[in-house]
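A short write-up of the structure that comes next.
Chain letters run A, B, ... following the sequence lines, proteins first, then strands; residues in each count from 1.
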Amino acid sequence: ILNVEQSPQSLHVQEGDSTNFTCSFPSSNFYALHWYRWETAKSPEALFVMTLNGDEKKKGRISATLNTKEGYSYLYIKGSQPEDSATYLCALGAGGSQGNLIFGKGTKLSVKP
Amino acid sequence: DTGVSQDPRHKITKRGQNVTFRCDPISEHNRLYWYRQTLGQGPEFLTYFQNEAQLEKSRLLSDRFSAERPKGSFSTLEIQRTEQGDSAMYLCASSLAGGELGYTFGSGTRLTVV
């Protein structure tokens with residue numbers, strides 16, 4: 001059974017702090033790693049889909065890196081803002097399935113003004 | 001296109017009743033997925049369709065659960081003889097084949113079985 005681990009479980013930071021989260025996964029049969037942001041009472045929103053070892057992606061103040069050989073991905077937020085408060089989910093695409101993403105439990109970020 | 005729509009947003013039902021949820025995906029997306037999320041967990045895969053074909057079902061999907069996508073557009077998820085353990089958020093998502101641009105999720109249907 002494939003397992004996706006995210007750490008920390010929750011994080012409280014002050015506005016302006018930079019922060020990062022970790023997503024760990026088994027590296028065998030990897031084909032994609034997704035990051036989503038899920039704000040309360042809204043839909044999960046796709047941030048990045050990463051497929052290649054060494055991939056780095058950026059969207060505004062948020063960036064992500066991927067290491068498929070050692071099985072981890074980092075998500076960075078530079079200069080956190082209160083509107084960044086959300087749960088950040090990573091999800092692994094692996095094995096023979098092309099539709100079954102395996103999600104971690106998420107990291108809940110709270111940014112205080 | 002206003003994204004992925006799910007109906008209803010909330011459903012409270014008595015144990016033993018049947019419930020049906022609907023999902024309208026983004027019209028250009030040929031893949032449609034159902035996930036379930038319980039408190040403190042990440043979303044868990046239930047099933048997915050490519051067009052009208054149901055290509056994969058999770059072992060979580062007992063014989064009380066059935067999903068359809070009759071014309072390759074909207075989908076329904078039915079739960080028969082609901083149990084308290086079925087209480088969860090049911091999320092629908094859609095994507096282009098392969099999901100290289102990520103999945104677009106709906107806001108979910110929160111089911112409470114009393």
*Side-chain heavy atoms under 4.5 angstrom apart, residues restricted to Ile, Leu, Val, Met, Phe, Trp, Tyr: same cluster for B:L61 and B:L32?*
yes
Is it true that, when you exclude B:R15 itself, more than 12 heavy atoms of the residues, nucleotides or ligands shown sit nearer than 6.0 Å to its CZ?
no
So, the part of B:L91 with a heavy atom under 4.5 Å from chain A: the answer is side chain
**Asked** Heavy-atom count around B:K14 NZ within 6.0 Å, excluding the residue itself: above 12?
**Response** no
Next item on the list: Give a yes or no on whether A:E83 atom CD has more than 12 heavy-atom contacts from other residues, nucleotides or ligands under 6.0 Å away.
Entry: yes
**Message:** For A:K57, is the NZ atom crowded, meaning more than 12 foreign heavy atoms sit under 6.0 Å from it?
**Reply:** yes
When rounded to the nearest 0.5 Å, the distance separating CD of B:E100 from NE2 of A:H34 is 8.5 Å
If one checks every heavy atom of A:W35 against chain B at 4.5 Å, the contacting part turns out to be neither
Rounded to the nearest 0.5 Å, the CG atom of A:N100 sits from the CG atom of B:L55 at a distance of 12.5 Å
Test of understanding: clusters of I, L, V, M, F, W, Y form through side-chain heavy atoms closer than 4.5 Å, transitively. Do B:V19 and B:F65 belong to the same one?
yes
Applying a strict 4.5 Å limit to non-hydrogen atoms, the region of A:A41 in contact with chain B is backbone
A:V49 and B:L101 have their tightest heavy-atom pair at CG2-C, 3.9 Å
- Counting distance only, does the side-chain N/O of A:Y36 pair as donor-acceptor with the main-chain N or O of B:Y103 below 3.5 Å? yes
CD of B:Q37 to CG of A:L89, rounded to nearest 0.5 Å, is 7.5 Å
Counting only heavy atoms not in A:Q81 (residues, nucleotides, ligands), do more than 12 fall under 6.0 Å from its CD?
yes
task = Kindly work out whether a path of hydrophobic side-chain contacts (I/L/V/M/F/W/Y, heavy atoms less than 4.5 Å apart) joins A:F21 to A:Y72.
result = no
Under 4.5 Å to a heavy atom of chain A? For B:R110 that would be neither
Side-chain heavy-atom pair A:S43, B:V4 within 4.5 angstrom cut-off = no
Shortest non-hydrogen pair, A:A46 vs B:G102, comes out as CB-CA, 4.3 Å
Only residue of B:F45, B:Y35, B:Y48 satisfying side-chain contact (heavy atoms from CB on, under 4.5 Å) with A:L101 is B:Y35
